[in-house]
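In what follows, a structure is listed as structure tokens, so that the remarks can point back to it.
Below, chain A is the first sequence line, B the second, and so on; all start at residue 1.
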Protein chains: 2
Amino acid sequence: MARPNAGTKGVPRLDRETQILDIASEHFGTHGFAATSVAAVAAGAGISKPLVYSYFGSKEGLYEACLERGGALLADEMERIAAGEAVGIERGMQTLAALFSLLEERRYLWRLFFDTTAPTDGPARDSIARHADRIGRLADEGVTELMALAGNTDALDVSAMTSVWLGIVDSLMNWWVEHPDQTADQMMQRCLRLLAALFGDTP
Amino acid sequence: MARPNAGTKGVPRLDRETQILDIASEHFGTHGFAATSVAAVAAGAGISKPLVYSYFGSKEGLYEACLERGGALLADEMERIAAGEAVGIERGMQTLAALFSLLEERRYLWRLFFDTTAPTDGPARDSIARHADRIGRLADEGVTELMALAGNTDALDVSAMTSVWLGIVDSLMNWWVEHPDQTADQMMQRCLRLLAALFGDTP
DNA sequence: CGATGGTAACTTACCCAAGAGTCATATAAC
DNA sequence: GTTATATGACTCTTGGGTAAGTTACCATCG
């Protein structure tokens, strides 16, 4: 007898991994890497800490797996937009619409990629940067197009504008997290109104 | 005898506090609250940890003191702009110019106020939020004006637009930190070019 | 002028809690 | 009975916070 909770619960590894990644992504995205504890993730999944380590190796490994899965989701969608014909601000708006729709039930996911508390040293640095950069590169591509249309091809200008664009998306996502009652559709309508307020018309 | 380093070094409390705040602000602003250790700040100032605690009470107290000093600097400048006659985007650009000039030697300072790793519970929460909100309120005022000019007075729209505006400033500051060779003047010229690229003219 | 004592400016050496990571073991399922 | 799934009970490091003591300075008293 003894340990009443030991032994398998009949949950296959892949199912359990998926569940752990769901919980971990939410924690990492909501509180950041540093403020997330593996024990809390385990508790959230209703399992013990060693199982998490058994499946993901380390806290960084867990974070990396979250990035992997989330990054694929985000980048695939952004690539779909990129493959379309929209350019400039139009492409930006389509990207926003896609992101709102995609992340409606996972608003925290975006913040995973812009976490300043993620480890900046050690072997995980490269891997983390790679995933974060994949989204950045897609943004860069769109911004380069936009700037070229306006006759500006300065590399630093494009770099700064990309940073600003990502900052805009970031702040919209943060605002959305703080306003849970807003639907994806309402967010998109709001963005169109904000754009109209800036440009003085309704494009 | 014994402890060769004990005893006063003849540095008055106020001088020492100022020095500690300089170091601490840079650490907090660069690495965030969670990733900053009091021991590192003390080492940076060439003193021991207990002296920091003796002067500031706790890590949160130290952070609060940084916010106090930095917030006064930032808010005073933003209030100076607010008192002027510029409105809308013009006011935004003037604020940017003032911030670039003010923060040229302290680019990390801005990030102090938007640190997601700052403690979200405990007694310091209110105090910290109060300082962060002071800047937010000034931004809100400017954005409200801008939106009103465009005929939009929806509270949520204004709230979201304020968030976006702060996000833009945030990303510009981050970009600036990553490009140390750029002067305040170059940053401002760049912003004007980015604005021109968006609006298709040079206002 | 030198002794005395108070105080401000410091430090060493420690405590303690939180959290990353590990080991040996247990049980359900097949 | 073998294996994948699982856990209780550790260890070890990091970092916030503290207790107690040390040294320099300065005023006052003889």
Side-chain angles (χ1 to χ4, degrees), chain A residues 1-21 23-24 27-28 31-66 117-124 128, chain B residues 1-21 23-24 27-28 31-66 117-124 128:
Chain A
M1 52 156 293
R3 314 198 186 167
N5 288 324
T8 182
K9 292 169 183 164
V11 180
R13 175 167 185 157
L14 273 181
D15 290 8
R16 193 61 98 186
E17 281 181 351
T18 302
Q19 182 200 11
I20 294 173
L21 284 181
I23 312 263
H27 273 251
F28 283 135
H31 309 295
F33 180 85
T36 296
S37 85
V38 177
V41 172
I47 56 172
S48 68
K49 202 169 48 155
L51 192 59
V52 178
Y53 277 91
S54 156
Y55 285 169
F56 295 98
S58 67
K59 187 181 180 182
E60 283 189 5
L62 178 60
Y63 181 57
E64 228 179 297
C66 290
T117 71
T120 53
D121 60 335
I128 289 169
Chain B
M1 49 161 299
R3 313 196 187 170
N5 288 324
T8 181
K9 292 169 183 165
V11 179
R13 174 165 186 156
L14 274 181
D15 290 6
R16 193 60 99 186
E17 281 181 350
T18 302
Q19 182 201 10
I20 294 172
L21 284 181
I23 313 262
H27 272 251
F28 283 136
H31 309 295
F33 180 85
T36 296
S37 84
V38 178
V41 172
I47 56 173
S48 69
K49 200 169 54 157
L51 190 60
V52 177
Y53 278 91
S54 156
Y55 286 170
F56 295 99
S58 67
K59 187 182 180 182
E60 284 190 3
L62 178 59
Y63 182 57
E64 229 181 297
C66 290
T117 70
T120 53
D121 59 336
I128 288 169

Closer than 4.0 Å, any side-chain N/O of [X] to the OP1 or OP2 of [N]?
X     : N      : answer
A/R13 : D/dA6  : no
B/R16 : C/dC10 : yes
A/K9  : D/dT7  : yes

Please set out all donor-acceptor pairs under 3.5 angstrom arising from side-chain atoms of residues 45-52 of chain B, sequence neighbours excluded.
none

[X]: partners by side-chain contact (heavy atoms from CB on, under 4.5 Å), with sequence neighbours left out:
X      : answer
A/H31  : A/H27, A/A35, A/T36
B/A65  : B/L21, B/F56
B/T120 : none

Sugar-phosphate, base or nothing in reach of A/F56, heavy atoms under 4.0 Å: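 Counting heavy atoms under 4.0 Å across all strands, no contact is made by A/F56.
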Distance, rounded to the nearest Å, where B/L51 contributes CG and D/dA19 contributes C1':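 Whole-Å distance recorded here is 16 Å.
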field: Rounded distance in Å - CD1 (A/I47) to P (D/dT5)
entry: 12 Å
- request: If a pair satisfies side-chain hydrogen bond (donor to acceptor under 3.5 Å, both in side chains) and one of its residues is in residues 53-66 of chain A, list it, with sequence neighbours excluded.
  value: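 Listed once each, the pairs are A/E64-A/S127.
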Could I get a table of every N or O pair under 3.5 Å where one atom is in the protein and the other is in nucleotides 15-18 of chain D?
residue : atom : partner : partner atom : Å
D/dG16  : OP1  : B/T36   : O            : 3.3
D/dG16  : OP1  : B/K59   : NZ           : 3.0
D/dG16  : OP2  : B/V38   : N            : 3.1
D/dG16  : N7   : B/K49   : NZ           : 3.2
D/dG17  : OP2  : B/Y53   : OH           : 3.2
D/dG17  : OP2  : B/K59   : N            : 2.9
D/dG17  : N7   : B/K49   : NZ           : 3.0
D/dG17  : O6   : B/K49   : NZ           : 2.7

query: Taking side chain as C-beta onward, heavy atoms only, is A/F28 less than 4.5 Å from A/L62?
result: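 Yes, at least one pair of side-chain atoms sits under 4.5 Å.
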